[in-house]
Amino acid sequence: MTKTAAEIVAGKFHGAIKQYNMLEGCTGILVGYSGGADSSVLLRLLCGLCRERNIYLLAVHVHHGIRGDEADRDAEFCRRACEKLGVEFRLIRADIPALASKLGRGIEETARDFRYSEFRRILESDARLSHVAVAHNSDDNAETMIFNLVRGCGVDGLGGIVPIRPLGNIAQPLGESAQGNAFAQSSHNGDHAQSSYNGDYAQSSHNGDHAQQRAGILIRPLIRVQKREILGYCYENGIEYIIDSTNADTAYTRNYIRAEIIPRLERLNPSFLTAAERLSGLARADSDSLERTASAYCASDTIA
């Protein structure tokens with residue numbers, strides 16, 4: 001019997017959580033919510049899971065100050081969706097173009113790092129929160145692998161996007177770490193508070209140790225789900241979502257990989273995304289094994 005998209009997505013969602021023990025020690029989850037198809041599906045799946053397990057859930061939307069009225073529309077869409085779902089909602093506003101210019105970095109890179117900085121700040125200020133969930137999927141993982149491969153990566157790069165890691169150790173796929181300050185405004189239930197962004201990022205490989213830090217744990221429950229399955233889930237469940245107009249701009253490297261490279265690879269192998277997922281899992285296992293062996297060797301007083 002053929003499974004529905006909803007059954008496939010839910011199965012992979014719960015499977016990833018179980019496989020990587022994502023909810024160990026979980027008291028509350030901050031979910032990054034853009035309003036797109038991926039995060040809309042993640043939010044709804046987490047709603048059911050958190051209610052079932054009595055876990056606190058907070059949705060956070062970051063307005064990057066990039067797309068004018070369209071970004072305002074996205075923020076309002078997310079607020080209304082959370083209101084309907086009965087999920088607490090928080091809006092963060094920032095001027096990412098100004099911050100990127102000040103730091104001399106790309107807009108995409110700056111926006112990503114700003115989001116994670118804000119996620120950490122919110123989690124550290126709220127004792128109810130222990131985890132941050134983001135909606136990276138199998139297609140995102142394949143894009144990252146291709147991006148890293150083109151740059152001449154090693155085994156860590158072929159590992160793609162790790163399913164779970166300490167929130168404080170976000171790898172920098174683009175450029176060097178930077179430090180700077182910019183104004184960010186946080187809106188929570190109508191209240192406004194100012195917070196400063198102090199980018200301080202350390203690159204770290206995943207070592208297989210998921211011991212929770214106060215900085216929190218980052219989880220990606222949709223990492224095994226393909227985009228087409230996510231869209232099918234939305235269709236079957238009548239889930240509305242928004243489309244970021246910049247996603248069609250192939251001037252962005254990731255968009256080019258998504259629109260041009262992956263479809264050509266799927267001509268060679270229609271199951272390319274599944275194959276890429278298998279490769280990334282093997283690469284992460286190899287990397288973890290090498291790191292454990294090296295750590296044990298360095299801790300030993302004996303040199304063979």
Side-chain angles (χ1 to χ4, degrees), residues 3-17 22 29-50 57-64 66-67 69-87 89 91 108 111-112 115 119 132-144 160-161 163 218-250 252 254-263 266 272-274 276-277:
K3 290 185 177 181
T4 65
E7 290 172 333
I8 292 171
V9 171
K12 290 184 176 182
F13 167 81
H14 290 289
I17 288 175
M22 290 182 175
I29 300 175
L30 182 162
V31 55
Y33 182 38
S34 70
D38 302 343
S39 63
S40 293
V41 168
L42 178 60
L43 177 62
R44 281 157 179 79
L45 288 169
L46 285 175
C47 275
L49 183 69
C50 289
L57 182 64
L58 170 68
V60 175
H61 177 83
V62 179
H63 186 309
H64 298 101
I66 295 175
R67 293 177 290 114
D69 291 343
E70 185 176 295
D72 293 336
R73 174 210 66 181
D74 294 354
E76 179 61 17
F77 174 90
C78 291
R79 185 192 68 76
R80 290 177 180 267
C82 287
E83 187 177 89
K84 290 179 181 178
L85 291 169
V87 175
F89 174 74
L91 172 65
E108 278 190 296
R112 183 201 63 240
R115 286 195 300 275
F119 292 163
V132 170
V134 291
H136 291 116
N137 58 45
S138 179
D139 295 51
D140 296 322
N141 183 53
E143 290 163 18
T144 297
I161 300 175
L218 177 69
I219 60 174
R220 297 176 167 110
L222 297 183
I223 196 63
R224 291 165 46 184
V225 184
Q226 296 180 15
K227 183 71 172 190
R228 60 176 64 95
E229 295 167 343
I230 288 172
L231 295 177
Y233 186 100
C234 290
Y235 176 77
E236 290 179 3
N237 291 277
I239 297 174
E240 295 182 347
Y241 58 89
I242 53 181
I243 298 175
D244 183 341
S245 62
T246 63
N247 287 342
D249 186 355
T250 54
Y252 293 100
R254 282 188 173 274
N255 292 348
Y256 179 77
I257 292 172
R258 182 183 309 127
E260 301 291 339
I261 305 301
I262 288 182
E266 287 182 318
F272 166 72
L273 291 176
T274 301
E277 180 184 331

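Because only heavy atoms are used, hydrogens play no part in the values below, and waters and symmetry mates are left out as well, while side chains stay in. In this chain, numbering begins with 1 at the start of the sequence shown. Note that this is a predicted model, so its numbers are computed, not measured.
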(message) Looking at every heavy atom in both Pro263 and Arg258, which two are closest together, and how far apart are they?
(response) CD-O, 3.3 Å
(message) Side chains of Pro221 and Leu45, heavy atoms from C-beta outward: is any pair under 4.5 Å?
(response) no
(request) Taking the side chain as every heavy atom from C-beta outward, state whether Glu277 and Ile223 have any pair of such atoms under 4.5 Å apart. (result) no
(message) For a side chain to side chain donor-acceptor pair (under 3.5 Å) check, start with the C-alpha distance between Thr144 and Arg254, then their side-chain angles and the critical distance, and finish with the verdict.
(response) CA-CA 8 Å; Thr144 297; Arg254 282 188 173 274; 2.8 Å; yes
(request) Report the distance from atom SG of Cys78 to atom CD of Glu83, rounding to the nearest 0.5 Å. (result) 13.0 Å
(message) Under a 3.5 Å distance rule, please check whether Asn137 uses its side chain to pair with a backbone N or O of Leu222 as donor and acceptor.
(response) no
(request) To the nearest 0.5 angstrom, please state how far the CZ atom of Arg224 sits from the CD1 atom of Ile17. (result) 10.5 Å
(request) Keeping the roles fixed (side chain from Glu236, backbone from Ala5), state whether a donor-acceptor pair exists under 3.5 Å. (result) yes
(message) Under a 4.0 Å threshold between the charged nitrogen and the carboxylate oxygen, would Arg220 count as salt-bridged to Asp140?
(response) no
(request) Quick one: closest heavy-atom pair of Ile242 and Ser34, and the distance? (result) CD1-O, 3.3 Å
(message) Quick one, Leu43 and Leu57 - any side-chain contact, counting heavy atoms below 4.5 Å?
(response) yes
(request) Compare every heavy atom of Phe119 with every heavy atom of Gly32, then report the nearest pair and how far apart it is. (result) CA-CZ, 3.9 Å
(message) Measuring only between side-chain heavy atoms, which start at C-beta, is Arg115 closer than 4.5 Å to Val60?
(response) no
(request) State, to 0.1 Å, how close Tyr33 and Ala59 come at their nearest heavy-atom pair, and which atoms those are. (result) CB-CB, 4.2 Å
(message) Do Phe77 and Glu240 make a side-chain contact, defined as non-hydrogen atoms from C-beta onward lying under 4.5 Å apart?
(response) yes
(request) First locate atom CD of Glu260, then atom CG of Asn255, and finally report the distance between them rounded to the nearest 0.5 Å. (result) 10.5 Å
(request) Would you give the length of the straight line joining atom OG of Ser40 to atom CD1 of Ile239, rounded to the nearest 0.5 angstrom? (result) 7.0 Å
(request) Supply the atom-to-atom distance Glu70 CD to Asp244 CG, rounded to the nearest 0.5 angstrom. (result) 6.0 Å
(message) To check you understand the geometry: which heavy-atom pair defines the closest contact between Ala6 and Tyr233, and what is its length?
(response) CA-CD1, 3.4 Å
(request) Output yes when Arg79 and Glu76 qualify as a salt bridge under the 4.0 Å nitrogen-oxygen rule, no when they do not. (result) yes
(message) Within this structure, what is the OH-CG distance for the pair Tyr241 and Asp38, rounded to the nearest 0.5 Å?
(response) 9.5 Å
(message) Surrounding CZ of Arg67 (heavy atoms of other residues, nucleotides or ligands, distance under 6.0 Å), is the total greater than 12?
(response) yes
(request) Indicate yes or no: at least one non-hydrogen side-chain atom of Phe13 is less than 4.5 angstrom from one of Leu46. (result) yes
(message) So Glu143 and Ile262, do their side chains get closer than 4.5 Å, heavy atoms only?
(response) yes
(request) Evaluate the side-chain proximity of Ser39 to Val31: yes if any heavy-atom separation is below 4.5 Å, no if none is. (result) no
(request) Considering only NZ, NE, NH1 and NH2 on the basic side and carboxylate oxygens on the acidic side, decide whether Asp139 and Arg228 come within less than 4.0 Å. (result) no
(request) Identify whether the distance between the nearest side-chain nitrogen and carboxylate oxygen of Lys12 and Glu229 falls below 4.0 Å. (result) yes
(request) For the residue pair His63 and Asp72, confirm or rule out a side-chain donor-acceptor distance under 3.5 Å. (result) yes
